[in-house]
2 protein chains.
Amino acid sequence: MDRRITKKGDDDTSGKERPTLKTLAFMTGLGVTTVSRALKDAPEIGAETRRRVQLVAKQIGYRPNRAGVRLRTGKTNVISLVLNTEHELMSFVSDIIYGVTEVIADTPYHLIVTPYSRSQDPLDPVRYLVETGSADGVIISRTQPNDPRARYMLERGIPFATHGRTDMGLVHPYHDFDNYTFAGEAVRYLAGRGRNRLALVTPPVGLTYYGHTIAGFADALSEVGASEVPFNTVSIDQSIEQIRMRTAQLMRRKDRPDGFVSSAAAATLAIVAGIEDAGLKLGRDVDVVSKQSSELLHLFRRELLVVNENFRLAGSELARAVLGWIGGADPGSLQSLSTPSEVLPYRG
Amino acid sequence: MDRRITKKGDDDTSGKERPTLKTLAFMTGLGVTTVSRALKDAPEIGAETRRRVQLVAKQIGYRPNRAGVRLRTGKTNVISLVLNTEHELMSFVSDIIYGVTEVIADTPYHLIVTPYSRSQDPLDPVRYLVETGSADGVIISRTQPNDPRARYMLERGIPFATHGRTDMGLVHPYHDFDNYTFAGEAVRYLAGRGRNRLALVTPPVGLTYYGHTIAGFADALSEVGASEVPFNTVSIDQSIEQIRMRTAQLMRRKDRPDGFVSSAAAATLAIVAGIEDAGLKLGRDVDVVSKQSSELLHLFRRELLVVNENFRLAGSELARAVLGWIGGADPGSLQSLSTPSEVLPYRG
DNA sequence: TCAATATACTGAAACGTTACAGATTGCCAA
DNA sequence: TTGGCAATCTGTAACGTTTCAGTATATTGA
C-alpha cells in the first residue's frame with residue numbers, strides 16, 4: 001500500500017503532503033541536486049539562487065526527511081543515552097535527561113534512551129547501537145576505570161562521552177563530579193566540628209568514582225589526623241533497608257563513628273534512619289555530610305550537611321561533549337570536571 | 001564520500017559490512033524480494049525456502065535497516081514520550097521511562113524523549129512529531145479534561161496514550177491512577193483518627209486529576225462529616241519554599257487544619273517543614289496522608305501516612321496501550337485505572 | 001490435449017537524500 | 001576566432017526496503 005494520497009504525478013505542490021527536495025525543485029524551477037546543495041550552503045551555488053531556495057524552503061516549512069538522510073549518509077541525528085534500569089532508579093536520571101535535551105533542543109538531534117538490566121552485560125546495548133548504526137553518539141554512565149564500553153567505542157570510532165572518568169590511558173570526552181574534593185572537604189568540615197572517627201558510605205565498588213571518593217576521604221583523614229571507622233559492607237546502591245540495618249548495627253557498637261560522609265542522598269536517608277534506630281541524635285552524637293542532587297535533605301533533617309551535585313549540568317556537559325566530538329573537535333578538549341559546592345549547613 | 005569499505009561489487013559476503021537483504025539473497029541464491037517476503041512469513045513463499053532464509057538470517061545476524069524500512073514504509077518503530085522539562089523535575093519521570101523501556105525491550109521499538117518547556121505551547125512537540133512523522137506512537141502526560149493534544153492526534157490518526165484521562169467524549173487509550181479513591185480513602189482514614197478539619201494539597205489546576213482529586217476529597221468529607229480548610233493558594237507544582245511558607249502561615253492561624261491530604265511526596269516534605277516551622281508536631285497536632293512513588297516518606301517522618309503510586313507500572317501500561325493501538329487493537333480496550341493501595345502507617 | 005490456475009519466485013520502481021560525473025554558459029587570453 | 005577555464009547548474013545512481021506487476025513451472029479440470 002502506498003502512503004501517498006495524491007496520485008503518481010510528480011508535480012504536486014497542492015496537497016497536504018510533506019514537502020521534499022523534489023517539491024522545492026519544482027517550485028524553484030531548479031534541479032533537486034541544486035536545491036540540496038543550496039540548502040547546505042555549498043560553494044558552487046550562486047548567491048542569489050541560494051537565497052531564493054532557502055527562502056522558499058523556510059516559507060513552506062521544508063524539513064529534511066530523516067530516513068532519507070540516514071539511508072543515504074548513515075547519519076542518524078540521534079544521541080543515545082545508555083542507562084541501567086536497576087541501579088539508576090534514583091531520581092537524578094531525569095535531571096540528566098533534561099540536561100541533555102536542553103542542549104540538543106536547537107539541533108537536529110533526537111535523544112533515545114537505551115536501557116539495559118542488571119543481568120545483562122553492559123556492553124550489550126552499546127554493541128547493539130554501534131552494530132546497527134542507531135546513533136551518531138552515545139552517552140554512558142556508571143563508568144569504570146577500565147571500561148570495556150569506552151574501549152569498544154574508541155575501537156569502533158563512534159563518538160561518545162562518559163559520565164565519570166576512566167583510567168585506561170585512553171583519551172575521550174567525559175564529565176565528572178570531583179568526588180575526591182567532595183570527600184576531602186566533607187572530612188575537613190567534620191574535623192572542624194570536632195568529629196574524628198569517620199565512616200564513609202561509598203559509591204558502588206568498581207566504578208571509577210569509588211576510587212576517587214575513597215582516596216579523597218583517606219587523604220583528608222590523614223591530613224586532619226582523624227581516623228576511619230570501616231563501613232565496607234555498605235555502598236550506595238544497596239537497598240534502603242540494608243543500609244539502614246547495617247548503620248543501626250554499627251551505631252550500637254562502642255567504637256561507633258561520630259561522623260559520616262555519604263555519596264548519595266537516598267543512602268543518607270537510610271543512614272539517618274539507622275542512626276535514630278540506634279537511639280542516637282543527628283547533630284549531637286553524629287554529623288552527616290551528604291551529596292544531594294535536589295534540595296531535599298535539609299527538609300528531611302536540618303542538621304544534615306550537604307554538598308550539591310548538579311545532574312542537569314552533567315547532562316548538558318555530556319551532550320555538549322558528544323556533539324563536539326561528532327562535530328570534529330578534539331576529544332581531549334571535551335572533558336570537564338565539576339567542582340563541589342562548599343559543605344552547606346542548614347541556613348534557616 | 002562513500003561509507004562502504006569494500007569495493008563496488010555487489011557480491012561481497014566477505015567483509016565486516018552489515019548484512020542486508022542483498023547479502024541474504026546472494027547467500028541463499030534467491031532474489032531480494034523472495035528474501036524479504038520469506039522473512040515476514042508471506043504466504044506465497046515455500047515452506048522450506050522460508051525456513052532456509054530465516055535460518056541464514058539468524059546465523060549471520062541480519063537486522064533490517066531501520067532507515068530503509070522507514071523510508072519505504074513510513075514506519076519508524078519509535079515511541080515518543082513527550083515531557084515537560086519544568087514541572088516534571090520530580091523523580092517519577094525516570095520510573096515512567098523505565099516502565100516504558102521494559103515493555104518495548106522485546107520489540108523493535110526505540111524510545112525517544114521529546115521535551116518541551118513551560119513557555120512553549122504543549123501542542124508544539126506533538127505537532128512536530130506528527131508533521132515530521134517521527135514516531136509511530138506518542139505518550140503524553142499532564143493530561144487535561146479538554147486536551148488539545150489528544151484531540152489533534154485523534155484527528156491526525158496517530159496512536160497515542162495519555163497518562164491521565166480526558167473528558168471530551170472522545171475515546172483513546174490511557175492509564176490513570178484513581179485519584180478520586182485516593183483522596184476519599186485519605187479523608188476517611190484521617191476521619192478515623194479523629195481528624196475533622198482537613199486541607200487538601202491539590203494537583204496542578206487544569207489537569208484532569210485535579211478534578212478527580214478534589215471531587216474524591218469533597219465527597220468523602222461530606223460522607224464522614226468533616227470540613228475543609230481551604231488551602232487553594234497551594235498546589236504541588238509550586239516550589240518547595242512557597243509551599244512551606246504558605247503551610248507555616250496556615251498553621252499559625254487558630255482555625256488551622258488537623259489533617260492534610262497531599263498529592264505528591266515532594267510537596268509533603270514542604271508541608272511537614274511548614275508544620276514544624278509553626279511549632280507543631282506531626283502525628284500529635286496534625287496528620288498527613290500523602291501519595292508517594294518511592295518508599296521514602298516513612299524515612300522522612302515515620303508519622304506520615306502514605307499511599308503508593310507506581311509510576312513504573314504506569315509507564316508499562318502506557319507503552320502497552322500505544323503498542324496495542326499501533327497493532328490495531330480497539331482504543332477503548334486499552335484503558336486502565338490503577339487502584340490506590342490502602343493508607344499505610346509506618347510499621348516498624 | 002489444451003487452457004486455466006495455482007505455486008513459487010523475480011526484476012523494477014519508488015521512498016528522499018547526497019555524491020559523482022558531467023553539461024551549459026560566459027568570459028578571457030592568445 | 002578559438003581554446004581554456006571558471007561559475008553554475010543538472011541527471012543518474014545508490015543507500016535498504018517493500019510493493020507492483022509480472023514470469024516460469026507445475027498442477028488441475030474437462
Side-chain angles (χ1 to χ4, degrees), chain A residues 1-10 12 17-26 28-53 57 60 62-77 108 131-134, chain B residues 1-10 12 17-26 28-53 57 60 62-77 108 131-134:
Chain A
M1 179 191 27
D2 205 308
R3 266 162 308 126
R4 303 184 54 194
I5 291 160
T6 51
K7 57 167 111 80
K8 313 213 134 188
D10 284 353
D12 72 286
E17 292 300 300
R18 191 144 93 93
T20 70
L21 288 182
K22 198 144 68 173
T23 319
L24 282 179
F26 177 76
T28 55
L30 298 163
V32 296
T33 303
T34 310
V35 173
S36 172
R37 316 206 70 163
L39 287 176
K40 43 175 57 68
D41 288 317
E44 65 266 55
I45 302 296
E48 159 155 2
T49 305
R50 186 166 34 224
R51 262 176 304 140
R52 195 158 61 89
V53 171
I60 66 175
Y62 168 77
R63 288 165 179 285
N65 179 303
R66 311 186 117 236
V69 175
R70 178 164 171 180
L71 182 56
R72 177 62 235 238
T73 65
K75 182 139 219 293
T76 62
N77 285 305
E131 282 175 2
T132 63
S134 291
Chain B
M1 179 191 24
D2 205 309
R3 267 162 308 126
R4 305 182 53 194
I5 292 161
T6 51
K7 57 166 107 78
K8 313 212 133 187
D10 284 353
D12 71 288
E17 293 300 301
R18 190 144 93 95
T20 70
L21 288 182
K22 198 144 69 173
T23 319
L24 282 179
F26 177 77
T28 55
L30 298 163
V32 296
T33 303
T34 309
V35 174
S36 172
R37 315 205 72 163
L39 287 176
K40 43 176 55 67
D41 288 318
E44 65 267 56
I45 301 296
E48 157 154 3
T49 306
R50 192 176 18 234
R51 264 176 301 138
R52 197 159 60 90
V53 170
I60 67 174
Y62 167 77
R63 288 165 180 284
N65 179 303
R66 308 186 121 236
V69 175
R70 178 164 171 181
L71 182 56
R72 178 63 234 238
T73 65
K75 180 137 221 289
T76 61
N77 285 305
E131 283 176 0
T132 62
S134 291

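Chain letters run A, B, ... following the sequence lines, proteins first and then strands; every chain starts at 1. All of these numbers come straight from a predicted model, not from anything done at the bench.
- Closest contact between the side chain of A/L21 and the listed nucleotides C/dC9, C/dT18, C/dC15 involves C/dT18.
- Counting only heavy atoms from C-beta outward, the side chains of A/R18 and A/N65 approach each other to under 4.5 Å.
- A/K40 contributes atom NZ, which lies 11.0 Å from atom CD1 of A/I45 (distance to the nearest 0.5 angstrom).
- Within the 4.0 Å cut-off from OP1 or OP2 of C/dG16, not a single side-chain nitrogen or oxygen of A/K22 is found.
- With sequence neighbours excluded, the residues satisfying side-chain hydrogen bond (donor to acceptor under 3.5 Å, both in side chains) with A/S134 are A/T132.
- You won't find any donor-acceptor pair under 3.5 Å spanning the side chain of A/T34 and the base of D/dT8, going by distance alone.
- Look at CG on B/L71: it is 17 Å from P on D/dA14, rounded to the nearest Å.
- C/dA21 atom C1' lies 13 Å from atom CD of A/E44, rounded to whole Å.
- Rounded to whole angstrom, the span from the CZ atom of A/R63 across to the P atom of C/dT17 amounts to 13 Å.
- Taking atom NZ of A/K75 as the reference point, atom P of C/dT17 lies 15 Å away to the nearest angstrom.
- Within the structure, a side-chain polar atom (N or O) of B/S36 is placed less than 4.0 Å from OP1 or OP2 of D/dT18.
- Of the candidates C/dT18, C/dC9, D/dG16, the closest approach to any side-chain atom of A/T73 belongs to C/dT18.
- Shown are A/T34, A/V32, A/L39; of these, the side-chain contact (heavy atoms from CB on, under 4.5 Å) with A/L24 is made only by A/L39.
- Here the nucleotide nearest the side chain of A/T33, chosen from C/dT18, D/dG11, C/dG16, is D/dG11.
- Residue A/R72 places a side-chain atom within donor-acceptor reach of the base of C/dT18, judged by atom type and a 3.5 Å distance cut-off alone.
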